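Report on the following structure.
Because the structure is predicted, anything quoted here is derived from the model rather than measured. Counting convention: from 1, in listed order, for ligands and their atoms alike.
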Amino acid sequence: MVHRILIVTAVAAEADSVTAGLTTAAPEHVPLPGGLALRRHADGDRARVDVLVGGVGPAAVAAATGTALAYAALTGGASGERPYDLLVSAGIAGGFRPTAPLGSLVVSSAIVAADLGAETPDGYLAVDALGFGRSVHPVPGELTGRIAAALAAEGLPCAVAPVLTVSTVTGTARRAAELAERHPGAAAEAMEGFGVAEAAAAYGVPVVELRAVSNAVGPRDRAAWRIGDALDALRRAVRLLGRTVFVEAP
Ligand SMILES: O=C(O)c1cccc(C(=O)CC[C@H]2O[C@@H](n3cnc4c(=O)[nH]cnc43)[C@H](O)[C@@H]2O)c1
């Protein structure tokens, strides 16, 4: 059985790291509606890994991921079958100190919409507390365990922890403290995971977020960003997962 994985990044530089990490030959270009395209990597009859550049932020990436899922559902195998076996939201992120230092990896134990809600005189209320939708997508613990074990076995340790999705990059110590207090144990913040997870949930596909830390969550300090190191960590992580978890039964 071929395992079908869709890896969604925000920008092309992240997709380039993912593509470089996959060990198969150059990908096939698969055009999608809406000006989107998949980079399709096939590993014989073991796995098919599609890589999608979905845009920055939860709205853009949810729209793009939804398009890719609808396309796969309409053009793929038997009706009623899941269009993919696994979705991965991958890219660079801000890391919460001290859990996620620069260059380290974070695998989501949950994917959390950290600013989807309402401010009230008594504090923040998440959207589910307001009676609409949800603010947390769970990630199968067995899946995160396999990913973490595969990475650690090759000397690439990672934190397994909640990853926050924000629409505004944190740029002050005050905001970082606020988020850490509201989401104890969170290891990283990025801008796409929740959008990918919403699309995945609509099609019943399990989802996980994989992030490589390029900067610390806190006061803005562009000189301290390590985007190259994070992209390299992402490439190494995908290389390992391409040989292990991506070709295993979901
Ligand atoms: O201008 C800034 O201060 C700034 C700081 C960090 C990141 C940005 C971006 O515009 C990148 C957004 C892009 O990268 C992911 N990302 C990376 N670091 C973070 C972060 O600390 N908080 C949220 N997102 C981050 C994100 O997923 C986007 O795709 C600008």
Work out which heavy atom in A64 is nearest to a heavy atom in L52; give both atom names and the distance.
-> O-CD2, 3.7 Å
So is T170 polar-close to ligand 1, meaning N/O to N/O under 3.5 Å?
-> no
D50 vs V30 side-chain heavy atoms within contact, under 4.5 Å = no
Starting from atom 14 (O) of ligand 1, locate the nearest protein heavy atom and write down its residue, its atom name and how far away it is, to 0.1 Å.
-> I92 CG1, 3.8 Å
Can you tell me if A93 has a non-hydrogen atom under 4.0 Å from ligand 1?
-> yes
E192 N/O under 3.5 Å from ligand 1 N/O | yes
Find out whether S17 and V238 are in side-chain contact, i.e. whether some heavy atom of one side chain is under 4.5 Å from a heavy atom of the other.
-> no
Contact atoms of ligand 1, heavy-atom distance to A10 under 4.0 Å | 29 (O)
Would you say N215 has any N or O atom under 3.5 Å from an N or O of ligand 1, going by distance alone?
-> yes
Measure the distance from atom 13 (C) of ligand 1 to every protein heavy atom, then report the residue, atom name and distance (to 0.1 Å) of the closest one.
-> M191 SD, 4.4 Å
Looking at side-chain heavy atoms only, is the closest gap between R182 and L164 below 4.5 Å?
-> no
State the atoms of ligand 1, each with its element, that fall below the 4.0 Å cut-off from a heavy-atom position in R220.
-> 1 (O), 2 (C), 3 (O)
Distance to 0.1 Å, residue and atom name: give those for the protein heavy atom nearest to atom 23 (C) of ligand 1.
-> E189 OE2, 3.4 Å
Ligand-residue contact atoms, ligand 1 with W225, heavy atoms, under 4.0 Å | 1 (O), 2 (C), 3 (O), 4 (C), 5 (C), 6 (C), 30 (C)
Go through ligand 1 atom by atom and flag the ones less than 4.0 Å from a non-hydrogen atom of R211.
-> 27 (O)
Determine whether L241 and L151 make a side-chain contact, defined as any pair of heavy atoms from C-beta on separated by less than 4.5 Å.
-> yes
Would you say V169 contacts ligand 1, with heavy atoms under 4.0 Å as the rule?
-> yes
Would you confirm whether any non-hydrogen atom of the protein falls under 4.0 Å from atom 1 (O) of ligand 1?
-> yes
Do F194 and H137 have ring centres separated by under 6.0 Å?
-> yes
Do protein heavy atoms approach atom 26 (C) of ligand 1 to less than 4.0 Å?
-> yes
Contact (N/O only, under 3.5 Å) between V56 and ligand 1 = no
Report, in ascending order of atom number, the atoms of ligand 1 lying under 4.0 Å from any heavy atom of G94.
-> 18 (N), 19 (C), 20 (C), 21 (O)
OH/Y124: more than 12 non-hydrogen atoms of other groups inside 6.0 Å = yes
I111, L6: one ILVMFWY side-chain cluster at the under-4.5 Å cut-off?
-> yes
Does a side-chain heavy-atom distance below 4.5 Å link V106 with E209?
-> no
Over 12 non-hydrogen atoms of neighbours within 6.0 angstrom of CZ in R97 | no
